[in-house]
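What follows is a set of notes on a single structure, which appears directly below.
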Amino acid sequence: MSSWPLAWAESGERPPEAAVSTRVRLARNIAKHPFVNRSSPEERSAVVEEVREVILSEPLFRDSDLYPLEGMDPVSKGLLVERRLMSPGFLKGCPERVLVLDGRGIVSIMVNEEDHLRIQVLLGRMALSEAHRIASAIDRSLYGLGFAFDPEFGFLTTCPTNVGTALRASVMLHLPALKLSRAMPELIAQSGRLGLVVRGAYGEGTASAGALYQVSNQVTLGLSADELCEKVETVASRLAEQETRAREVLLEGNKGIEDRIWRAWGVLCHARRMGLGEAMECLSLVRMAQEAGMGEPFEKVRWERLLLEVQPAHVQVKAGRQLHEEDIEMVRADLVRDALSRLKDGPRPGRKE
Amino acid sequence: MLCERCGKKDAEVHIRQSVQGLVSEHHLCRDCARELSPAWKPGSDFLEFSIGTFLENLCKNLGPSKTDEGEACRQLPPCPRCGLEFDEFRKTGRFGCTACYDSFREWIRPLFVRIHGSGTYKGPAPEGCLSSGGEEELVLLKEQLKEAVACEKYEVAATLRDRIRVLERRSTDGC
């Protein structure tokens, strides 16, 4: 599973630089069945079977497969969450949870999450209209299931915060300069006034590990899906522009920041134990250096890939077994050193036993 | 002014939200505001709201609770299809099935406006538009109406009759 392609982590250099990935999620329920929270195991199984039938017969899903969550080992589940192919909330729930995954790591469908179906499309960089176009095509191909729809309220969902378009459009942004210059709380408040939410992609509130923030729409009713995507993209683009300007100011002759970047590089290259937060902070600074054109050795770092590889489940897959937290930190440090030493074409700095 | 959530204490926290130019205001007492603000810390007067969490918390405790409207809410018949009581929806903030939307339509409209700044969907309808109603629900509602009339529960009967009319009209319109 860890070797499967993942489109968003392998995207090219399309601007803006601050944009890491794009996600569009549609919530859908099958009208004839009660919602997941009030349905019986038999009814939830029936939902799975109806979805399976469409997946197996619809050409759009020829590269897709169904994976029941029941019985799946914890590391594989963690891997899917870290790759953003399923929500952390999907880890818990009824036994009839099933994940539909396509072969390219772009489309995933959570069956029996909070709603019967959560259709997700994940792309690299900022590509909301493209992601929405793909999600809409998937959605249309599933209309045969008989989605719950009301002319006044739109698509009907379990939670009233999703009703209407039932669309959540989001862009993940890397905003280290705005975070370092403490501009994020004000920008988060401004985005809130526009009906958008900006939150740490890892961690809560304004304190986001690795300076990764997610911009998404809060409202789902009153605006069309296209309008919501456009709004999110506009605000995400403005944040990316502000990040560019903040970097110019921050990096201009600032020896303090330069020192922090080189220290981060030192930690990545030499540490023997590394917590997740520390790894993400260091990688964030290295990415900023890379994008600011600070040259070797930063320009060779494959940031998106490393960002994934330092996550706990990915570390355990690399180790080939389940690990305790302390061991995860050691293996994490090993794998980061290994990756960076290969970039430098130097000898692998192995851990002294 | 009393707190819109508990209806008991004076509202001391006033929140103004503007979505798509539509301004909505929330007036809460200090205790309710604390409960809805996960960032609040004991001893602190500062309330920091993540608007997403705030709205989710608010809709878990929606609707009028002290007025005549609140009483009418409590007398609403449960959803004929899944049996969800409106009071349970108020507590959990979760619907049980598509028919809940029809059962509580009049009561959830203001909630949607509070959450989204609008109560109306904008966008295309899916092909083979399946509304929340349907033949099965109409039959159930008509049975409930008969029972309500037999027990002389005329207020309940009036609500059921209105819902039946809406469903029948929608069925005639083809959506």
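Proteins come first, then strands; the chains are lettered A, B, ... in the order of their sequence lines, and each starts at number 1.
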Heavy atoms only: give me the nearest A:Phe153-B:Gly119 pair and the separation to one decimal.
CD2-O, 3.6 Å

Roughly how far, to the nearest 0.5 Å, is OG1 of B:Thr120 from CG of A:Leu223?
11.5 Å

How long is the span from the SG atom in B:Cys97 to the CD1 atom in A:Ile30, to the nearest 0.5 Å?
14.0 Å

Heavy-atom pair with the smallest gap, counting every atom of B:Arg81 and A:Lys32:
NH2-O, 2.7 Å

Interface moiety of A:Val163 toward chain B, non-hydrogen atoms closer than 4.5 Å
both

At what distance, to the nearest 0.5 angstrom, does CZ of B:Arg94 lie from CZ of A:Phe35?
11.5 Å

Contact part of A:Asn37 toward chain B, heavy-atom cut-off under 4.5 Å: side chain, backbone, both or neither?
side chain

Please examine the side chains of B:Arg109 and A:Glu152, heavy atoms only from C-beta on, and report whether any two atoms are closer than 4.5 Å.
yes

What closest approach, in Å, do B:Phe112 and A:Pro160 show between heavy atoms, and which atom pair accounts for it?
CE2-CB, 3.6 Å

Between NE2 of B:His116 and OG1 of A:Thr165, what distance do you get to the nearest 0.5 Å?
8.5 Å

Within this structure, what is the OH-CG distance for the pair B:Tyr101 and A:Leu156, rounded to the nearest 0.5 Å?
5.5 Å

Rounded to the nearest 0.5 angstrom, the NE2-SG distance for A:His33 and B:Cys82 is 14.5 Å

Would the number of heavy atoms belonging to other residues, nucleotides or ligands and lying under 6.0 Å from CD of A:Glu43 be above 12?
yes

A:Glu53 CD: over 12 foreign heavy atoms closer than 6.0 Å:
no

Student check: side-chain heavy atoms of B:Lys122 and A:Leu221 closer than 4.5 Å
no

Contacting moiety of A:Ser39, where chain B heavy atoms sit under 4.5 Å:
neither

